[in-house]
Amino acid sequence: MIGWLAPYLRRCALQRDERGTTMIEFAIIAPTFMLMLIGTFDLAHQVYVRAILDGAMQAAARASALETGPSSVAAIDAAVRSQVKNIAPAATVNFSRKSYFGYNDVKRAEALADQNGNGICDNNEAYEDENNNNRWDLDIGTAGAGNARDVVVYRVDVAYDHLFPLYKFVGASKNIQINNETLLKNQPFGRQGNKSIVSRTCP
């Protein structure tokens, strides 16, 4: 009687045997968990780079606004670059500055008599050349650190590669790009230059 039941009893015993299930569950969960962990590390690194850049730019802005700022641009930028490269050694760091006469001038276009309404200066339309560069500009800012009392937009662009190759699995770019801008007003260490406006016409 018992002999013919033996195969069935063995099968039931195998069905109840849960040894090794933990290893199987770990093999299923581990890849997903590792991807999430790597992604978290990569994101945390990006946040850290941005925080370091913010702090470095605030210090750079304070130094730039001083009387010695315009003559110390290279040293100020080098300090920001050094702090960024401490945590992203292969990063490319680029700087730009544009100065304006006042806050109301920041990133605005030069006054234009846009007779044909196409948003550009052409067909002998009159405009006010506020930065005196003999052309109509969408942004009247002048490259450089400016002079006393000028308002300056200081921008830093940072580009570097992801720490981990996770971007390949999610279709993202290999390169991370971070940029930051800060607005500063140079201290009144001298008289502000006169704003010379010349009326011209576009070809």
Side-chain angles (χ1 to χ4, degrees), residues 45-114 119-122 125-161 175-203:
H45 183 255
Q46 292 181 45
V47 172
Y48 188 42
V49 171
R50 186 176 291 277
I52 292 296
L53 178 61
D54 286 346
M57 286 187 65
Q58 291 304 316
R62 288 192 294 271
S64 297
L66 301 176
E67 184 174 3
T68 56
S71 61
S72 305
V73 166
I76 292 170
D77 289 351
V80 175
R81 181 181 286 107
S82 176
Q83 291 190 53
V84 171
K85 282 183 170 288
N86 281 339
I87 53 174
T92 300
V93 188
N94 294 313
F95 305 89
S96 66
R97 290 174 173 82
K98 277 190 175 182
S99 65
Y100 303 84
F101 192 78
Y103 287 108
N104 292 334
D105 296 324
V106 175
K107 295 186 178 182
R108 72 167 177 82
E110 290 176 319
L112 168 68
D114 190 11
I120 61 174
C121 191
D122 57 6
E125 292 173 334
Y127 72 97
E128 294 182 347
D129 189 4
E130 299 182 57
N131 54 17
N132 203 23
N133 64 354
N134 291 311
R135 67 171 184 267
W136 179 76
D137 296 296
L138 277 169
D139 186 337
I140 67 171
T142 301
N147 298 306
R149 305 172 189 264
D150 285 348
V151 175
V152 180
V153 175
Y154 179 44
R155 179 184 173 100
V156 181
D157 294 281
V158 177
Y160 64 96
D161 292 342
N175 190 255
I176 298 173
Q177 295 188 357
I178 297 174
N179 59 70
N180 199 354
E181 284 186 353
T182 186
L183 190 66
L184 61 102
K185 186 176 179 67
N186 290 339
Q187 292 186 358
F189 49 79
R191 293 178 59 86
Q192 189 174 24
N194 295 324
K195 191 173 183 180
S196 176
I197 300 177
V198 179
S199 297
R200 304 185 192 275
T201 57
C202 291

Q.
With a 4.5 Å cut-off on side-chain heavy atoms, are Arg200 and Asn132 touching?
A. yes
Q: Provide the full list of salt bridge (charged side-chain N to carboxylate O under 4.0 Å, His left out) pairs with a residue in residues 76-97, sequence neighbours left out, each pair given once.
A: Asp77-Arg97
**Q.** Working for side-chain contact (heavy atoms from CB on, under 4.5 Å), residues Ser64 and Leu184
**A.** CA-CA 8 Å; Ser64 297; Leu184 61 102; 4.2 Å; yes
Q. Where does the angle between the aromatic ring planes of His45 and Tyr160 fall among parallel (under 30°), tilted (30 to 60°) and perpendicular (over 60°)?
A. perpendicular
(Q) Going by salt bridge (charged side-chain N to carboxylate O under 4.0 Å, His left out), name the pairs with one or both residues in residues 98-112, residues two or more places apart or in two chains. (A) Lys98-Asp139, Asp105-Arg108, Asp105-Lys195, Lys107-Glu181, Arg108-Glu130
Q) Should we say atom CZ of Phe189 is surrounded by more than 12 heavy atoms from elsewhere, each under 6.0 Å from it? A) yes
Q) Would you say the side-chain atoms of Gln192 and Asp150 include a donor-acceptor pair closer than 3.5 Å? A) yes
Q: Might you work through the side-chain contact (heavy atoms from CB on, under 4.5 Å) test for Val106 and Asn104, ending with a clear yes or no?
A: CA-CA 6 Å; Val106 175; Asn104 292 334; over 6 Å; no
Q | salt bridge (Lys or Arg N to Asp or Glu O under 4.0 Å) against Asp157, all qualifying residues, sequence neighbours excluded | A | Arg155
Q: Write down the atom of Ile76, the atom of Ala60, and the distance for their closest heavy-atom approach.
A: CG2-CB, 3.5 Å
Q.
Consider side-chain contact (heavy atoms from CB on, under 4.5 Å). Of Asn180, Ile52, Val84, which one does Met57 pass it with?
A. Asn180
**Q.** Close side-chain approach of Phe101 and Ile140, heavy atoms under 4.5 Å
**A.** no
Q) Between Ala91 and Val158, what is the shortest heavy-atom contact and its length? A) CB-CG1, 4.1 Å
Q.
I'd like to know whether Ile120 forms a side-chain contact (heavy atoms from CB on, under 4.5 Å) with Leu138, so could you lay out the CA-CA distance, the side-chain angles of the two residues, the decisive distance to 0.1 Å, and finally the verdict.
A. CA-CA 9 Å; Ile120 61 174; Leu138 277 169; over 6 Å; no
